[in-house]
Each structure stands twice: as C-alpha cells, then as structure tokens.
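Notes follow the structure.
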Amino acid sequence: MTISGKAKLAGVMGWPIGHSRSPRLHGHWLERYGIDGAYVPLAVAPERAEQAIRALPALGFRGCNVTVPLKEIAFRTVDRLDDTARRMGAVNTIVVHDDGTLEGGNTDGFGFVESLKADRPDWCAERGPAVVVGAGGAARAVVVALLDAGAPEVRLINRTDARAEELATDIGGPITVAPWVSRETALEGAALLVNTTTQGMTGQPPLDLDLRALPVAAVVNDIVYVPLDTPLLAAARRRGNPVVTGIGMLLHQARPGFAAWFGVEPEVTADLARFVLEG
Ligand code: ATR
C-alpha cells in the first residue's frame, strides 16, 4: 500500500535486524486495516542505540519495538517504564507520547500468556506448577507473566543454576529453583512446561530434558518458532501432551504496540501465523 506524507511511523530496532519477522507482521496488519502508516526495520548497533531511541520523537515516530540485543539499553534510556517492564528489566515496546516523552513497556509476557490461552482455551495458570527452562530475558518475561496470571508455583531450571537463583531473587514470589543436574524432578506434578532457551532452534541441539516425569495432561510450550515443531514439542506430542508452538507469542506480543501507534486493535489469525512464517 502506498503511504502519504502523513503516514504514522513505527518500526523495530535491533542488531542485526534482517531476520526480524515484525515488519512483515505489522505490514500485514497495516494493509489489512487500510492504515496510512509504515513499520520499518531499524538496524541500530548497541553503541548507538541510546542515541537512536532518543531521536524517535524528533523523527516523528510514534514508537518502536526493541529486540535483541537492545532491550536492556531501551530499559535504561526511556523516560518512564510501565510496571511490567520494570519487573522484567527489559523494554520491547516504546511509545512516544504527545509531549515527546518515551514510555517503555514489555509485552513479551502478555504475548506468551495470550498465545497459550488462544491455543489451549482450557489452560489456566492457577491449575498447577509451571516449569520454566532457561534464565535469560525471555525467561524473565515468561516467569513474570505466569505469576501475574496466577500460577501457584514457578519451578525454574537453568544450565547455570546461579543465573536461575538470580532471576528468582530479582522477581520474587513463589519461584523455586531446581538444580540442573536433577532437573527432571521438577517435572513431577507440573501443569505446564515452557522452554525459553535457544535449544531446539535450527542449528542448535535439542533441549536435553527427559519428559518421563511430566504428567501427560501438562501443556508443553516452546517459545522457539524456527522450526515450529521443535524436538521438545515432537517428543511431548508423541507421549500425548498438548503442545503450543512459539509463533503465537511473537504474534500476540505485537498487538499492544500496533494498537498504541496505529489506533487499531489487530487480530491474530491462523492465516497470519502462516504468512509470517513464510517470510
Ligand atoms: P534470551 O535473553 O533470549 O532468553 P539468553 O540470555 O542468551 O537469551 O539465554 C539463553 C538461555 O538458553 C539461557 O538460559 C542459557 O543457559 P545459561 O544461563 O546456562 O547460559 C540457555 N542455554 C544456552 N545454551 C544451552 C545449552 N547448551 N543447554 C542448556 N541451556 C542452554
């Protein structure tokens, strides 16, 4: 679609940015809703990220998404943080207010929970303990979102135990850390298992986790979406567990930003998932 001189502007800032699916996703919504707007990739090196973020109001941007490895820099640069971003220690969505101030939010956890609810309408966080594998930025977002959604307990397992301990201390609440050497015991009685590590991604080995102790009713969610069907999800499906793929989190985390910048609440559909994955 052609844009006018009044087009509303947003984008995604990261380094590198060429692999990002967000321009395709937001571009599809702009087209679908007939909005005079543009959402562009912004390749910004970490050492220039603060400068680039500060320049958003001067350039007339309504805001932007922030991706790896700039989410912590954005956290430190914006004028205000919403409560979720503050607790996650990272910003993935920036909104430029009319007075030129920058507000940082984090919608990754929202995207994660919305994706789970959309794919498994019978799932609810209160149902039982959730096991989260990993202790990086993605794990922080997932853990905060699960606690906010009412999970009675989050069991954290990570190759580097100390990093999981640090995450638990930072976030607080009912988080227990199980040592990596005996990680399988954390699966007993769990209602949800989430992989937030890079294991299982194309080019990486599968996640080294034996599912024997996991109840077959537990939902298994991998936030990796390349490939969509990771070895973890394939193993879970084979033993009868309901599974949720990682693409939903990407699609749903984009909704609040799109609504704030372009003024329309966008819809996530099965067609959209296919379109974004094809790109
Ligand atoms: P992100 O911010 O995207 O979550 P990250 O901070 O690089 O990414 O975290 C990657 C996660 O994958 C970490 O939990 C990491 O474990 P460590 O804290 O021990 O590094 C995990 N990970 C990476 N390689 C792994 C492997 N071979 N086995 C198990 N976990 C691994």
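Because only heavy atoms are used, hydrogens play no part in the values below, and waters and symmetry mates are left out as well, while side chains stay in. Counting from 1, the numbers follow the sequence of the chain as shown.
Transitive grouping of hydrophobic side chains (ILVMFWY, heavy atoms separated by less than 4.5 Å) brings V143 and W123 into a common cluster. Taking hydrophobic clusters as Ile, Leu, Val, Met, Phe, Trp and Tyr residues chained together by side-chain heavy-atom distances below 4.5 Å, L192 does not share a cluster with L211. The cluster map of Ile, Leu, Val, Met, Phe, Trp and Tyr, joined by side-chain heavy atoms under 4.5 Å apart, puts L56 and V66 in the same cluster. In the hydrophobic cluster analysis, where Ile, Leu, Val, Met, Phe, Trp and Tyr join through side-chain heavy atoms closer than 4.5 angstrom, L209 is grouped apart from V132. If you chain together hydrophobic residues whose side chains sit under 4.5 Å apart, V219 and L146 fall into the same group.
Listed for the R86 side chain is a donor-acceptor partner under 3.5 Å among the backbone atoms of L81. T93 places no side-chain N or O within donor-acceptor distance of the main-chain N or O of N106, the cut-off being under 3.5 Å. Side-chain N or O atoms of D222 include none that pairs as donor or acceptor with a backbone N or O of L233 at under 3.5 Å. In this structure, R120 contributes its side chain and P242 its backbone to no donor-acceptor pair below 3.5 Å.
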Exercise for the section: Give the C-alpha distance, both sets of side-chain angles, the deciding distance and a yes or no for side chain to side chain contact (heavy atoms under 4.5 Å, CB included) between D170 and R140. Expected result: CA-CA 9 Å; D170 284 356; R140 278 179 190 259; 3.0 Å; yes
Practice task
Could you check F61 against L42 for side chain to side chain contact (heavy atoms under 4.5 Å, CB included), going step by step and ending with a plain yes or no?
Solution key: CA-CA 12 Å; F61 272 62; L42 299 164; 4.1 Å; yes
Exercise for the section: Check the pair V154, V142 against side chain to side chain contact (heavy atoms under 4.5 Å, CB included), reporting the backbone distance first and the verdict last. Expected result: CA-CA 10 Å; V154 173; V142 165; over 6 Å; no
Exercise for the section: Starting from the C-alpha separation in whole Å, work towards a yes-or-no answer on side chain to side chain contact (heavy atoms under 4.5 Å, CB included) for L9 and L59. Expected result: CA-CA 9 Å; L9 302 178; L59 290 167; over 6 Å; no
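Interatomic distance, D98 CG to R62 CZ, rounded to the nearest 0.5 Å: 8.0 Å. A distance of 7.0 Å separates CD1 of I157 from CG of L193, quoted to the nearest 0.5 Å. How far OG1 of T67 is from NE2 of H19: 5.5 Å, rounded to the nearest 0.5 Å. Rounding to the nearest 0.5 angstrom, the gap separating the NZ atom in K6 from the OG atom in S4 is 6.0 Å. Within the model, atoms CG of L156 and CH2 of W180 stand 10.5 Å from one another, a figure rounded to the nearest 0.5 Å. For the atom pair M13 CE and I53 CD1, the distance stands at 5.5 Å (nearest 0.5 Å).
Between A74 and I94, the closest heavy-atom pair is CB-CD1, 4.3 Å. Across M249 and I223, no two heavy atoms sit closer than the pair SD-CG2, 3.8 Å. Between R239 and R212, the shortest heavy-atom distance links the atoms NH2-O, 3.3 Å. Nearest approach of H97 to E103, heavy atoms of both residues: NE2-OE1, 2.8 Å. When all heavy atoms of P152 and G128 are compared, the closest pair comes out as CD-O, 3.4 Å. Scanning all heavy atoms of the two residues, the minimum distance from H252 to P256 falls at O-CD, 3.6 Å.
Open room surrounds CD on E265; 12 or fewer heavy atoms of other groups in view lie less than 6.0 Å from it.
D108 pairs in a side chain to side chain donor-acceptor pair (under 3.5 Å) with only one of the listed residues (T84, N92, T196), which is N92. When D208, D210, D161 are each tested for a side chain to side chain donor-acceptor pair (under 3.5 Å) with R183, only one passes: D208.
Side chain to side chain, S22 and N65 fail the donor-acceptor criterion of an N or O pair below 3.5 Å. Checked by atom type, the side-chain pair D271/T269 shows no donor-acceptor distance below 3.5 Å.
In the hydrophobic clustering, where aliphatic and aromatic side chains (Ile, Leu, Val, Met, Phe, Trp, Tyr) are joined below 4.5 Å either directly or transitively, L250 groups with V12, I17, L25, W29, L30, Y33, I35, Y39, V95, Y225, V226, L228, I247, L251, F258, W261, F262, V264, V268, L272, F275, V276, L277. Through side-chain heavy atoms spaced under 4.5 Å, either directly or across other Ile, Leu, Val, Met, Phe, Trp or Tyr residues, M201 is tied to V224.
The shortest side-chain heavy-atom distance between T107 and R255 does not fall under the 4.5 Å cut-off. In this structure, F112 and V194 have side chains that are in contact, with non-hydrogen atoms separated by less than 4.5 Å. Looking at heavy atoms from C-beta onward, D229 lies in side-chain contact with R237 at the 4.5 angstrom threshold. Put simply, the side chain of N221 does not reach to within 4.5 Å of the side chain of D119, judged on heavy atoms. The side-chain heavy atoms of E50 and R76, taken from C-beta on, include no pair separated by under 4.5 Å. Residues V131 and P129 form no side-chain contact, since every pair of their non-hydrogen atoms from C-beta on lies 4.5 Å or further apart. Inter-residue side-chain proximity for P231 and L207 is flagged as unmet; no heavy-atom pair is nearer than 4.5 Å.
A salt bridge links D79 and R54; the closest N-O separation between the charged side-chain nitrogens and carboxylate oxygens is under 4.0 Å. Using a 4.0 Å cut-off between charged side-chain N and carboxylate O, R163 and E166 make no salt bridge.
The side chain to side chain contact (heavy atoms under 4.5 Å, CB included) check on P46 picks up W15, P69, L70, I73, with sequence neighbours excluded.
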